[in-house]
Protein chains: 2
Amino acid sequence: MKNLLLFVFIILGLISCKQQEKPIDIENQNNQIVIGQLDSIYSEILDESRELWIHIPESAKDSLSYKTTYPVIYLLDGPSNFNSVTGIIEHLSGNMIVPEMIIIGIANTNRSLDLTPTKVDIDVISGDSIQYPSGGGNKFLDFIEKELIPYVEKTYPTTTYKTFVGHSFGGLSVINALVNRKELFNNYVAIDPSLWWDNRAFLNIADSILSTNKFDNKALYVGVANTMESDMDIDKVQNDNIPDTYFTVHIKSILQFVNSLDTKKDNGLLFEWKYYENDDHGSVPFITEYDAFRFLFSWYKLNGVNNFYSEKSTLNAKEIIKIISSHYANISDRFGYQVIPPEKYINSIGKGFMHNNMPEKAYSLLNLNIKNYPKSVNVFESMGDYYLFQSDTLNAIKEFKNGLKIREKATLRGKLEKLED
Amino acid sequence: MKNLLLFVFIILGLISCKQQEKPIDIENQNNQIVIGQLDSIYSEILDESRELWIHIPESAKDSLSYKTTYPVIYLLDGPSNFNSVTGIIEHLSGNMIVPEMIIIGIANTNRSLDLTPTKVDIDVISGDSIQYPSGGGNKFLDFIEKELIPYVEKTYPTTTYKTFVGHSFGGLSVINALVNRKELFNNYVAIDPSLWWDNRAFLNIADSILSTNKFDNKALYVGVANTMESDMDIDKVQNDNIPDTYFTVHIKSILQFVNSLDTKKDNGLLFEWKYYENDDHGSVPFITEYDAFRFLFSWYKLNGVNNFYSEKSTLNAKEIIKIISSHYANISDRFGYQVIPPEKYINSIGKGFMHNNMPEKAYSLLNLNIKNYPKSVNVFESMGDYYLFQSDTLNAIKEFKNGLKIREKATLRGKLEKLED
C-alpha cells in the first residue's frame with residue numbers, strides 16, 4: 001500500500017536530501033556562497049610563503065558526536081582548478097561514487113621553476129635559450145612532503161589517503177612524485193603532462209623506473225589533449241617519420257609514455273589513460289579530473305542498491321547486511337584504515353526499505369546505524385520514524401526518547417510531543 | 001629566434017592567465033572563496049518569497065570602461081546544482097567553449113507542486129493515492145516569466161539570451177516551457193525528466209506539440225540515466241512486452257519521447273540526447289550539464305586558432321581578421337544581438353602571433369582591439385608591448401602614453417618609466 005512512495009523516493013530522494021543539506025556554505029552575514037577558505041604556509045625549504053585554497057566537506061560541521069576525517073586531494077595550480085574540482089567532488093561524493101574529500105589547492109609563485117624536475121637552458125626544437133627558470137621540481141616535492149602534508153594533517157581532519165593532481169608542468173610533477181616518491185600519495189592524476197620536457201630525458205627515466213619497480217596499491221590516470229594541427233591525427237602523429245615540432249612533440253611524448261606503460265602489466269600500478277579528441281591543452285583538465293576520480297574510486301560505490309528494493313530480490317536482511325559489511329571491509333582495505341558505512345547513506349537505504357514495505361530489512365539497516373553510531377541522535381530518530389511507519393507508537397516514543405537523551409533536537413522533540421498528545 | 005616561446009605560450013598561456021585572474025572571488029575580510037551571492041524575490045503569483053543563488057562572472061568587476069552583459073542560465077533545484085554548474089561554466093567559458101554567463105539558481109519551497117504540469121492524485125502503477133501536492137507547474141512558469149526574468153533583467157547585467165535547466169520533475173518543467181512557452185528561453189536542458197508523470201499524459205501532449213509546431217533557433221538536450229534493475233538493458237526495456245513498473249516506467253517514458261523527437265526532423269528544433277549507462281538518476285545531472293552546454297554552444301568556439309600559429313599556415317593578417325569577424329557575425333546571429341570579439345581573447349591571439357614572430361598578424365589583432373575597445377587602457381598597453389617586442393621604443397612609449405591618458409595603471413606606468421629612464 002505504501003509502495004507508491006518508492007518511485008518518489010528514488011526520484012526525489014537525493015535531490016531533496018542535498019537540497020536541505022546545502023552542499024556549499026552560506027556565509028550568513030553577507031549572504032555569500034562559499035566553497036572554501038584561504039590559508040597559507042611559510043616554507044623554510046622554498047624560503048617563501050605559499051597560499052593554499054582549502055575546501056572542507058560540509059559534513060565536517062555536522063559531526064557533533066563523531067569526529068569525521070577525510071581523504072585529501074592535493075591540487076597543483078590550485079586557484080584555476082578549485083571551483084571545478086570542488087564541484088566535481090561535491091557531486092560525486094553526494095552520489096556515493098567517491099568519498100567526501102578535503103581539497104588543498106596550492107597556488108603558484110614561480111610555476112615553471114617549481115613544476116619541472118630538471119633545469120633546462122636550451123629549447124630543443126629551436127635551439128634557442130629558454131627564458132624562464134626551471135629545475136626546482138624536487139625541492140618543491142620536498143616542500144610538499146616535509147612541510148605541506150604535515151601541516152595539512154596537523155591542521156585539518158584528514159586521513160592518510162591522498163591523491164595528487166597536476167596539469168601540464170603540474171602533470172610532470174605528478175609523474176615525478178609517482179616514480180620517485182611513490183609513498184607520498186595513493187592516487188596520481190597527470191593531465192596532459194609536459195613529458196617533452198628536457199628532450200624526453202625525464203620521460204625516459206620515469207619509463208625505466210616504472211619497468212623495474214613495483215607500484216602495488218598505487219593508481220595513475222592520464223588525460224591526453226588534442227594539441228595537434230588540424231591535418232594531423234593521433235595515429236599519424238605516432239609514425240616514426242613525423243618530426244618533433246611544437247605541434248607534435250607534446251602529444252607524441254605523452255603517447256610514448258602511456259603506450260609504454262600499457263605494456264608494463266606486472267608493475268602493480270592500476271593505470272588508465274584516455275585521449276580527448278575535442279579538448280585542447282587548456283580545456284582538458286575538467287573532463288580528465290571527472291573521469292580520473294571515477295576511475296580512481298571505481299571500487300567505492302556499492303552497486304546494485306536499486307535492486308535491493310526490487311520485488312524480484314531474493315536477498316534477506318542478513319544477506320544485505322553482509323553485502324554492505326563486506327563492501328566496507330574492501331573499502332577499508334583500499335584506504336588502509338577502517339571505514340564504517342556512512343550514517344546518512346545507511347539511513348537512506350534503511351528508509352528506502354521502510355517506504356517499500358520491507359520492514360525487516362529497514363529495521364536491520366537502521367539498527368546497524370545504531371550499533372555504529374550510538375552517540376548520534378539521528379539514528380534513534382530514524383528508528384522512531386520506522387516504528388511510527390509500522391504504527392507502533394509505543395516503540396516510536398521509546399526511540400525518540402533515546403535520541404533526546406543524547407541531545408536536544410527540536411524536530412525530534414516535536415515528533416515526540418505530537419505522539420504524547 | 002623567439003619562436004621557442006610558442007610552446008610555452010600554448011602550454012602555460014591559459015593556466016597562468018586564469019591563475020592571475022582568479023576565476024572565483026576572494027572575500028578579503030574573511031579569506032573566503034566565494035562563487036555567488038544569495039538574493040531573493042517576493043512573488044505575488046506564488047504568494048511567497050523565493051531564494052535565488054546568483055553567480056556573476058568575475059569579468060563583470062573588471063569592466064571599468066565597458067558595461068559587459070551576459071547570457072543567463074536559469075537553474076531549477078538551484079542550491080544542489082550551483083557548485084557544479086558554476087564550475088562547469090567557469091571552466092568552459094575560460095576556454096572560450098561557451099560564453100561567460102550569469103547563473104540564477106532557483107531554490108525550492110514546494111518542489112513537487114511547482115515542477116509538475118498537472119495535478120495527479122492516484123499513482124498509476126500501485127493505484128494508491130499520491131501523498132504529495134502537484135499541478136502547480138504552469139503557475140510556477142508564470143512566476144518565472146512575469147516576475148523572475150523581469151527582476152533578473154532589471155537587476156543584473158544580462159542579455160536576452162537564456163538557457164533553462166532542470167532535473168527530474170525539473171526536467172518536466174523544462175519540457176513544459178519548451179512546448180508551451182518556447183519564447184521564454186533559447187536553450188532547454190532536461191535531465192532525466194519524469195515523463196512518466198500523469199500516466200504519460202503530458203508526454204503525449206508535448207510530443208504532439210513538437211510534431212505540429214516550429215522551433216527554429218531553439219535547442220534541447222536530454223540526458224537519460226540508467227534507472228533499470230541490473231538484469232535489464234536499454235534495448236530490452238523498450239520491448240512492448242516489458243510492463244510498466246517503478247523500475248521501467250521512468251526510462252521507458254523518456255526513451256519514447258526522445259525516439260519520437262528524433263523522427264521530427266522538420267520542426268526546426270536543434271536536438272540531441274544521450275544515454276548515460278554508468279549514471280543513475282542522482283548522478284546524471286553533472287555530466288548531462290557538461291555535455292549539454294558543449295552541445296548548445298557548439299557554434300561558439302573559434303576552431304583552428306592553433307593552426308594560425310603554424311608555419312604551414314597560408315593565411316595572411318587580413319584573412320585572419322575576416323575569419324574572426326565572420327565568426328562573431330555568426331555568433332551575433334545566434335544570440336540575436338551584436339557580439340564584439342572579447343578583448344582578452346583577441347589580445348591573447350595577438351600576443352600569440354607576437355611571440356611567434358608573426359608581427360603583421362599580431363599588429364592586426366591588437367589593432368582590432370583598439371578599434372573595438374578604444375576606452376580600454378589594456379589595448380594600448382598590449383600595443384606598446386608589441387612595439388617593445390619589435391624593439392621600437394618610440395612607438396612603445398607613444399602607445400603606453402595613450403593608455404595612461406585613459407586612466408592611471410601602475411604596471412603600465414612602470415613600463416613607461418623604465419623606457420624613459
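Within every chain, numbering begins at 1; the chains are lettered A, B, ... in the order of the sequence lines, protein sequences first and strands thereafter.
Here the CZ-CG distance, from B:Phe247 to A:Asn307, works out to 7.0 Å after rounding to the nearest 0.5 Å. Distance check, rounded to the nearest 0.5 Å: CD of B:Glu289 to NE2 of A:His91 gives 8.0 Å. Atom-to-atom distance recorded for B:Asn95:CG and A:Asp279:CG is 8.0 Å, nearest 0.5 angstrom.
At distances below 3.5 Å, not a single donor-acceptor pair connects side-chain atoms of B:Asn306 with backbone N or O atoms of A:Glu229. Put simply, the side chain of B:Asn31 never gets that close to the backbone of A:Asp39: no donor and acceptor are under 3.5 Å apart.
Minimum heavy-atom separation, A:Ile97 to B:Ser283: CD1-CB, 3.6 Å. Residues A:Ser84 and B:Gly87 approach most closely at OG-O, 4.1 Å, considering heavy atoms.
Side-chain contact check for A:Asp280 versus B:Lys301: some heavy-atom pair is nearer than 4.5 Å. With contacts defined as side-chain heavy-atom distances shorter than 4.5 Å, the pair B:Lys312/A:Asp231 qualifies. Considering only heavy atoms from C-beta on, B:Glu311 stays 4.5 Å or farther from A:Thr245 through its side chain.
Using a 4.5 Å cut-off between heavy atoms, B:Ile125 does not touch chain A at all. Only the side chain of B:Tyr290 has a heavy atom closer than 4.5 Å to any heavy atom of chain A. Of the two parts of A:Ile88, the backbone and the side chain both hold a non-hydrogen atom closer than 4.5 Å to a non-hydrogen atom of chain B.
With sequence neighbours excluded, no residue forms a side chain to side chain donor-acceptor pair (under 3.5 Å) with A:Ser298.
Heavy-atom pairs under 4.5 Å with chain B peak, among A:Ile54, A:Val85, A:Asn278, A:Ile287, at A:Ile287.
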